[in-house]
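Some notes on the structure that comes next.
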Amino acid sequence: MMALDLSQNKHADVSYEEKERLFEEVKADERWHHVLYGCYECGICVAACPSARFYDFSPRVIAQAVAREDIDLIYTLMSDSIWDCSQCFSCDRCPRQNSPGQIITVMREVAVKNGLQTAKDALQGYGRIIYKIMATGSQVSPDMLQPDAFPDWGTHVYEIAENLEEWRRALPPETLHTTETGWKVDQKTIIELYLIWHMTGVMDLIEGVDEGLFMILVDVMEERLEEAGYDDITFD
Amino acid sequence: MIHLPVVKATDRKFEADPDNAPTEDIREELFQLEKEGELEVIRVPDNYIELPTKYGRMKKIPVEKTWHHKSCGQCGHIPGYSTSIFWLNRQFGLDYYDPTDQTSCTAWNYYASATSNPEAQAAVAIRNFAAADEVGYFPLIHCGTSFGHYKEVRHALVHQHDLRRKVKKIMERLGKKLVIPEEIVHYSEWVLAMKDRIAERQEIDMSNITATVHPACHYHKLIEEDAIYDSEIYGAQRTAIVTGTLQALGINVGDYSTWFDCCGFGFRHILVSRDFSRSFSVQRKIEVMKEEVDPDIVVTHDTGCVTTLDQSQFAGRAHDKKVGLPVMSDSQVAALAMGAHPYKVLQLHWHNTDNKPFLRKLGLDIDKQWAEFQAEVDLIKAGKKEYMTWEDADK
Ligand code: SF4
Ligand code: SF4
């Protein structure tokens, strides 16, 4: 594991103004005033944090950096550490009522929204999952249980993959006979989901971090939206 | 010198006082916003049971007319989890609704990749709530993350006027109303509320079983005041969820030192950085449970927790870790106690870690039961039957 040396300004190539702009965006988030109240440096969040046990990562460092508005350090953390967080919110135990986990949620969102390289790197290999959730309304599906995707889950994954169709039919709830989605989802429901992605700017966000994925999603969505009578999906 | 009476920790009884709760009662805010015409509140249906939350406020848990907000991971990878919830409802003859007009809450992806934003997340939530309201049922949330996330969404919508306005506009465009349930209810709260009725109908004695409980982070750490606590369980110092249910079934619940720790799911980690999930799950949860309690089973109440704790043990075997604990949901254990079929209803063949010793300890003839399930699958394979029905499952 590479140690994260926080004493150096690792991203001196990025201008201070740009780093400051990104931090201003973080601070402009509506949640900001409920996730940071200062920091005692007590380390309670670190003691509760699963990621701190396995990575060179600390929710205390995150809270300290943003509380002190250390612009260079914030950028360094945004370029690496934030993706180690498990988003478990064990750090909500903070006696100061901070939520380092939520601070990270906001920082991640800003990294994605600005198409930062860190977000692109973190999302590498994750595109098929984004495709699944955005295109089908279900995060994981039975047909994802393939031995090559989950080699560390053992031989039972082979058994599931081999019997998938019949085992799904051997489920009593009628909604669960699907293999490509977790459950049967209505066409109209999917259309409404697509409209939400378009109306809330999520499609633009995807375009910024993964253009290939964006093109595939547009292809899939456009056809179904047109069929449903939505030619114009602009929203103000 | 001031002399204060010394009370030993074990003699102290913690009684939560709702009048002195450090947090607001979000329901009051909701009803106020409804009066102002900002939103509509979906009322808990008449048939409900009240359970106490962290600061002593009572939470209404609907018994029936529930709209089952299913979970991606449960339905996709451990489908006996949701099947057991439905089976329990059917056993009690309760009116429930299993919708197809439902999407994922999409929060797994949000916490994993941040490729979304608060408006989209709130709109997805309200679309699902509106779908429940339109058919006259009340949302019952199967996933722990959906539950935690929806509590956060409700909190944001109550406090952020701008977000409310944006989401309302989106809903108008979809031809829907901005509706928010009076209570955000997790299915495990329903199981806990039903524990005495489940125990009355118990067919399998479980008094020789020891379990360890893992509480889902997003259940009790997000909007912590809206989780069930009970002065009889852990002195109301920890959530009573799952533990209360198991104790009602006569199961001995063992305590262990890393109870508060997460399972290692990590949202993005379980999909693309599983080395972390495996290590954390095995070293901080399973091995500790094994060393300190050596239980027959681990019981939890969330999609990610069952998945991570169960699936991670396979790789642990290769490293001579102390693994080998079967993992199930409270809904599966409750259904099993009431005589549900381990393969037709609990669908335990989708789980990873060997659960046969546990089932045998309960006195079940699992070879015969596997053959019964296999016979159903053979009929489907031979084209003699399209699906296994609820009636087949109870044969
Ligand atoms: S949310 Fe992130 S920072 Fe907080 S305890 Fe969990 S892993 Fe650590
Ligand atoms: S628990 Fe809170 S106050 Fe203590 S170090 Fe962490 S963020 Fe700072």
Side-chain angles (χ1 to χ4, degrees), chain A residues 30 48 50-51 53-55 83 86-90 92 105 108-109 111-112 122-123 125-126 129-130 133 137-142 144-145 152-154 156 160 163 166-167 169-173 175-177 182-186 188-189 192-193 195-197 199-202 205-206 209 235, chain B residues 70 72-73 75-77 79 82-83 86 98 100-104 106 108-109 111 113-117 119-120 123-124 127 160 163 170 173-174 217-218 221-222 260-262 264 266-269 271-272 274 276 278-280 311 314-315 347 350 352 376-377 380-381 386-390 393:
Chain A
E30 286 238 37
S51 294
R53 282 181 193 276
F54 281 85
Y55 297 110
W83 300 101
S86 307
Q87 294 281 280
C88 65
F89 303 106
S90 300
D92 281 6
T105 312
R108 282 182 178 184
E109 251 180 77
V112 168
L123 298 180
Y126 186 81
I129 316 273
I130 301 179
I133 188 75
S138 196
Q139 171 91 14
V140 291
S141 56
M144 282 161 97
L145 283 173
D152 53 327
W153 284 5
H156 93 125
I160 293 172
N163 293 290
E166 291 81 15
W167 280 9
R169 285 165 178 264
L171 288 167
T175 52
L176 300 188
H177 297 147
W183 60 88
K184 187 169 172 283
V185 185
D186 294 341
K188 134 188 178 314
T189 310
E192 287 173 359
L193 185 69
L195 291 173
I196 290 174
W197 298 141
M199 290 190 279
T200 53
V202 173
L205 223 143
I206 300 294
V209 280
F235 185 72
Chain B
K70 295 179 288 301
C72 315
C75 294
H77 294 175
S82 6
T83 303
F86 292 130
D98 175 9
T100 47
D101 184 9
Q102 185 222 319
T103 69
S104 159
T106 75
W108 181 349
N109 179 58
Y111 293 125
S113 74
T115 50
S116 187
N117 57 42
E119 288 108 85
V124 167
R127 202 218 65 82
Q160 297 173 24
L163 179 66
I170 294 168
R173 182 90 190 257
L174 299 182
C217 293
H218 288 193
K221 294 172 187 169
L222 288 172
F260 187 83
D261 270 7
C262 100
F267 298 88
R268 61 189 308 278
H269 302 78
L271 294 164
V272 290
R274 271 202 303 284
F276 163 79
R278 286 193 304 264
S279 305
F280 195 85
Q311 304 284 12
F314 180 82
Q347 299 273 329
W350 294 80
N352 192 342
E376 293 289 332
V377 173
I380 293 169
K381 278 193 175 156
E386 208 174 347
Y387 305 111
M388 184 174 78
T389 63
W390 284 113

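Numbered from 1 within each chain, the chains take letters A, B, ... in sequence-line order. Just the heavy atoms: all of them, side chains too, but no hydrogens, waters or symmetry mates, feed the values below.
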What part of Leu176(A) gets within 4.5 angstrom of chain B, counting heavy atoms only: side chain, backbone, both, or neither?
side chain
Rounded distance [0.5 Å steps], CG in Asp261(B) versus CZ in Phe280(B):
4.0 Å
Close side-chain approach of Arg127(B) and Asp101(B), heavy atoms under 4.5 Å
yes
Can you tell me which of Asn109(B), Leu222(B), Val124(B), Leu174(B) forms the most heavy-atom pairs within a distance under 4.5 Å of chain A?
Asn109(B)
Among Arg53(A), Glu192(A), Gln139(A), who wins on heavy-atom pairs under 4.5 Å with chain B?
Gln139(A)
Part of Asp92(A) lying under 4.5 Å from any heavy atom of chain B
side chain
Based on non-hydrogen pairs under 4.5 Å, which of Ala315(B), Gly73(B), Ala120(B) is most in contact with chain A?
Ala120(B)
Taking Lys70(B)'s backbone N and O only, do any of them form a donor-acceptor pair with Gln102(B)'s side chain (distance below 3.5 Å, no angle check)?
yes
Against chain A, work out which of Asn352(B), Thr389(B), Thr103(B) has the most heavy-atom pairs shorter than 4.5 Å and name it.
Asn352(B)
For chain B, which candidate among Gly137(A), Pro50(A), Ser138(A), Gly182(A) shows the most heavy-atom pairs at distances under 4.5 Å?
Pro50(A)
Against chain B, label Arg108(A) side chain, backbone, both or neither, depending on which of its atoms sit under 4.5 Å from a heavy atom there.
both
For each of Ser82(B), Gly264(B), Pro79(B), tally heavy-atom pairs with chain A at distances under 4.5 Å, and name the one with the top tally.
Pro79(B)
Parallel, tilted or perpendicular: rings of Phe276(B) and Tyr55(A) (30°, 60°)
parallel
Would a 4.5 Å heavy-atom cut-off, applied to side chains only, mark Ile160(A) and Trp153(A) as touching?
no
Please state whether the side chain, the backbone, both or neither of Ser141(A) comes within less than 4.5 Å of a heavy atom of chain B.
backbone
Is Val140(A) in contact with chain B via its backbone, its side chain, both, or neither, using a 4.5 Å heavy-atom distance?
both
Contacting region of His269(B) [heavy-atom separation from chain A under 4.5 Å]:
side chain
Okay, side chain of Arg268(B), backbone of Ser113(B): is any donor-acceptor separation there less than 3.5 Å?
no
Output yes when Lys184(A) and Asp98(B) qualify as a salt bridge under the 4.0 Å nitrogen-oxygen rule, no when they do not.
no
Top residue by heavy-atom pair count (under 4.5 Å) with chain B, among Val202(A), Val185(A), Thr175(A), Val112(A)?
Thr175(A)
At a heavy-atom distance under 4.5 Å, which candidate from Leu205(A), Ile196(A), Asp152(A), Ile133(A) has the highest pair count against chain B?
Asp152(A)
If you measure from NE2 on His77(B) to CG on Leu145(A), what distance do you get to the nearest 0.5 Å?
3.5 Å
With a 4.5 angstrom heavy-atom cut-off, is it the side chain or the backbone of Trp83(A) that approaches chain B, or both, or neither?
both
How close do Trp350(B) and Gly76(B) get, heavy atom to heavy atom, and via which atoms?
CZ3-O, 4.1 Å
Do you know which of Phe267(B), Phe86(B), Phe260(B) has the most heavy-atom pairs under 4.5 Å to chain A?
Phe260(B)
Taking every heavy atom of Val377(B) against every heavy atom of Ala170(A), the minimum-distance pair comes out as CG2-CB, 4.2 Å
With chain B, the option among Ser51(A), Cys88(A), Ala122(A) that has the most non-hydrogen atom pairs under 4.5 Å is Cys88(A)
Interatomic spacing from CH2 in Trp183(A) to CG in Leu171(A) - rounded to 0.5 Å:
14.5 Å
Start with the C-alpha gap between His218(B) and Tyr111(B), add the side-chain angles, then the distance that decides, and say whether ring pair (Phe, Tyr, Trp, His ring centres under 6.0 Å) holds.
CA-CA 11 Å; His218(B) 288 193; Tyr111(B) 293 125; 5.0 Å; yes
Highest number of heavy-atom pairs under 4.5 Å with chain A: which of Gln311(B), Met388(B), Lys221(B), Glu119(B)?
Gln311(B)
Among the options Asn163(A), Val209(A), Ile130(A), Thr105(A), pick out the one with the most heavy-atom pairs lying under 4.5 Å from chain B.
Ile130(A)
